[in-house]
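Notes for the one structure printed next.
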Amino acid sequence: MLQVLFQGLHRNTAILDQLLTDTTGPAETPVIELRNIHKSYGDLEVIKGVDLTAHKGDVIALIGSSGSGKSTLLRCVNLLETAQQGDIVISGEPVSWSHETANRSPKDADQVRRFRTNLSMVFQQFNLWSHLSVLQNVTEAPVTVLGRDRADAEAFGRALLEKVGIADKADMYPSQLSGGQQQRAAIARALAMEPSAMLFDEPTSALDPETEAEVVTVIRELAAEGRTMLLVTHDMKMAREVANHVIFLHQGVIEEQGTPDQVFKQTKSTRLQQFLSSTQ
Amino acid sequence: MFEICAEPRSLEGLTWLSCYLTTPKHAAMYYSILTVLGLLLAVVPPILFLGFAGALARRSKIAPVRWLGVGYTSIVRGVPDIVFFLFFPIALDQAVEYIRHKIKCADVLEPVYQGNDFVVCQAAKMPLGIADQFYHEAWGFSLAVITFAIVFGAFTANTLHGALNAVPKGQLETARAFGMSERQTFWRVHMPQMWVYALPGLSNLWMILIKATPLLFLLGVKDIVYWAKELGGMKTQVYTYAHPDWRIWYFGALLVFYLFLTWVSQRAFDRIFARASRGLSVAS
């Protein structure tokens, strides 16, 4: 509890510092801005008008029961899924669409790639490339997509593996690692892109309780560093500890949102109350 | 070859063999081993090319290209190989000569098809009647390569198509999520991961290909099976040497030859498979 308090304090002072040093000019451009997002598969509408704004340093947790659309929303952000309606604005630049109808698609392939490199994703099933070693997984996209020098990428990659605590696994294949180690490697891979925001899609759901703790520790450290993150999770404890803003999605709409304290302690909606009591 | 062979009556026991197995006709049989190995090496690149073309065509987003891929693999796979081996070389040969006839002998008014005969002018012959024997054999060999490539390319296309589909979708989606283009995703992730699913099927095809090489005789290429039959027999077109029916020994040698070839191939495939499955959990 004390630790949680400390971390909260730590982050608050970090935000304060930022506010103090950043007093010039207009308000900062959000890293991710979603306006009125709609997404459906055929006749089934899974997201029904969601707004979301993530400023630099925000850690936003998306919670909700299975099928509430939280993973789909996350996948709409980096355009793995196409939202049929609504605006997606990344660092002030809106996604340009082929046309404004229900079967629209992103128009500019270069823009899609640029956005994706800038919003690196961590998957529930890790999805490390199985034919590459752990280090190669981390250096692959920086070298082939961002055009970084291989030696630099490897040095940076090793430093990141050190950071997530699996430096000794650099030359092993993903299948030789435990789930928790694989997910930490996947986080290192995402960090290697030096993204302006990270997207976590249920990063701890495929893990057993012991290895889960390793991954939560890493995510908590990243949050403390002031990284911008969108975190879809079933882990309420992690959401409470890590996030500064929590969004509860229910049947494709935001049912309730606010600070962790507001959402978890001063819960207003009965649906959220039911959801929280069912997850405890 | 050896001096003592000049006088057959002086030969006794196994020395006789040293003369017999070194005759020019036998040299032709040994040479035909090279023909078989040469064919095997020559057909692999076009087979892989047609295989990839067929597999990628079947995955194409453009419907007519997809139909072409499906049509090619289904038709070739559905027709007996031997029919193809009888049909294709003749069809190909006649098609080439017909086109050459139309271009080079436009002044000849007689039809090409005269009843049962296919008649083209001398200039349209492929290769030319006056050409060296070597060119005749090379032309026959090329027809064989093309026919083998078309038949085995279809099976390869099917194997590769299945292997490309077997790569987990998450692996490819992750590549896209990290900003890789479709091309990079294909070359950096899809292709390297596909082999482990393709190799069992490809090794099967390779074995079948080795065993199908005797079909060369259908195409008029004299391969080792042809020579084994001719030289092992008592009295044949090419040899009237008086010896008993030795075909069992000649075919026994063929057995050893083909078994050796397939054994070496299997060992090579095992190595390639181990290399391709590094890190993939299917290997463990």
Side-chain angles (χ1 to χ4, degrees), chain A residues 74-75 77-81 106 109-148 171-177 182 185-186 189-195 198-201 206, chain B residues 48 52 55-56 59-63 159-203 269-284:
Chain A
L74 196 72
R75 293 163 59 83
V77 175
N78 70 351
L79 305 166
L80 285 178
E81 302 281 352
D110 287 338
Q111 186 192 48
V112 172
R113 297 181 62 185
R114 193 150 38 79
F115 282 180
R116 284 177 178 171
T117 56
N118 220 2
L119 304 166
S120 45
M121 188 143 181
V122 175
F123 295 85
Q124 179 178 2
Q125 299 295 341
F126 331 131
N127 289 2
L128 291 168
W129 292 302
S130 52
H131 64 300
L132 300 177
S133 75
V134 169
L135 183 63
Q136 285 170 330
N137 261 283
V138 176
T139 57
E140 177 68 21
V143 172
T144 59
V145 179
L146 300 177
R148 299 262 162 86
D171 299 314
M172 292 176 110
Y173 284 100
S175 59
Q176 296 170 296
L177 270 56
Q182 288 191 51
R189 173 174 69 176
L191 287 170
M193 301 299 284
E194 298 181 273
M198 294 175 81
L199 312 177
F200 289 83
D201 188 5
Chain B
L48 284 179
F52 273 110
L56 293 178
R59 298 173 61 82
S60 173
K61 288 186 181 116
I62 307 158
T159 303
L160 294 177
H161 177 70
L164 286 168
N165 282 344
V167 173
K169 299 285 167 285
Q171 296 279 318
L172 308 178
E173 181 179 68
T174 307
R176 293 187 194 106
F178 276 79
M180 286 194 203
S181 62
E182 288 305 305
R183 186 177 291 258
Q184 283 173 322
T185 303
F186 182 75
W187 288 107
R188 305 290 305 179
V189 180
H190 209 163
M191 270 283 273
Q193 294 203 9
M194 173 223 43
W195 290 110
V196 80
Y197 304 102
L199 279 169
L202 291 180
S203 83
F269 266 107
D270 287 346
R271 286 193 160 202
I272 300 171
F273 188 79
R275 173 71 182 76
S277 57
R278 276 196 319 186
L280 297 175
S281 47
V282 285
S284 55

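In what follows, chains carry the letters A, B, and so on, assigned in the order in which the sequence lines appear, proteins first and then strands, with residues in each chain numbered from 1.
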### Task
Could you tell me which portion of B/Glu173 (side chain, backbone, both or neither) has an atom closer than 4.5 angstrom to a non-hydrogen atom of chain A?
both
#### Entry: B/Ala276, part contacting chain A, at a heavy-atom distance under 4.5 Å
neither
#### Entry: Interface moiety of A/Asn127 toward chain B, non-hydrogen atoms closer than 4.5 Å
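When you check distances to chain B, atoms from both the backbone and side chain of A/Asn127 fall under 4.5 Å.
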### Query
Which bit of A/Leu79 is near chain B, if near means a heavy-atom gap under 4.5 Å: side chain, backbone, both or neither?
neither
### Query
With sequence neighbours left out, which residue pairs that include part of residues 126-138 of chain A fulfil the salt bridge (charged side-chain N to carboxylate O under 4.0 Å, His left out) condition?
none
Closest approach of [X] to [Y] (non-hydrogen atoms, all atoms of both residues):
{"X": "A/Arg113", "Y": "B/Gln184", "answer": "NH2-OE1, 2.8 Å"}
{"X": "B/Gly179", "Y": "A/Thr117", "answer": "CA-CG2, 4.0 Å"}
{"X": "A/Tyr173", "Y": "B/Arg278", "answer": "OH-NE, 3.3 Å"}

### Query
So, do A/His131 and B/Val189 sit near enough that their side-chain heavy atoms are less than 4.5 Å apart?
yes
### Task
Taking the side chain as every heavy atom from C-beta outward, state whether B/Phe178 and A/Val145 have any pair of such atoms under 4.5 Å apart.
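A side-chain contact is absent here, since even the closest heavy-atom pair is not under 4.5 Å.
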### Task
Any chance you could measure A/Leu132, atom CG, to B/Arg188, atom CZ, to the nearest 0.5 Å?
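Those atoms lie 7.5 Å apart.
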### Query
So which of A/Arg75, A/Gln176, A/Met121 has the biggest tally of heavy-atom pairs under 4.5 Å with chain B?
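Top count of heavy-atom pairs under 4.5 Å with chain B: A/Arg75.
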### Task
Inspect the surroundings of CZ in B/Arg275 and state if more than 12 heavy atoms from other residues, nucleotides or ligands are less than 6.0 Å away.
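At most 12 heavy atoms, drawn from other residues, nucleotides or ligands, come within 6.0 Å of this atom.
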### Query
Short question: side chain of A/Gln125, backbone of B/Gly170 - any donor-acceptor pair under 3.5 Å?
no
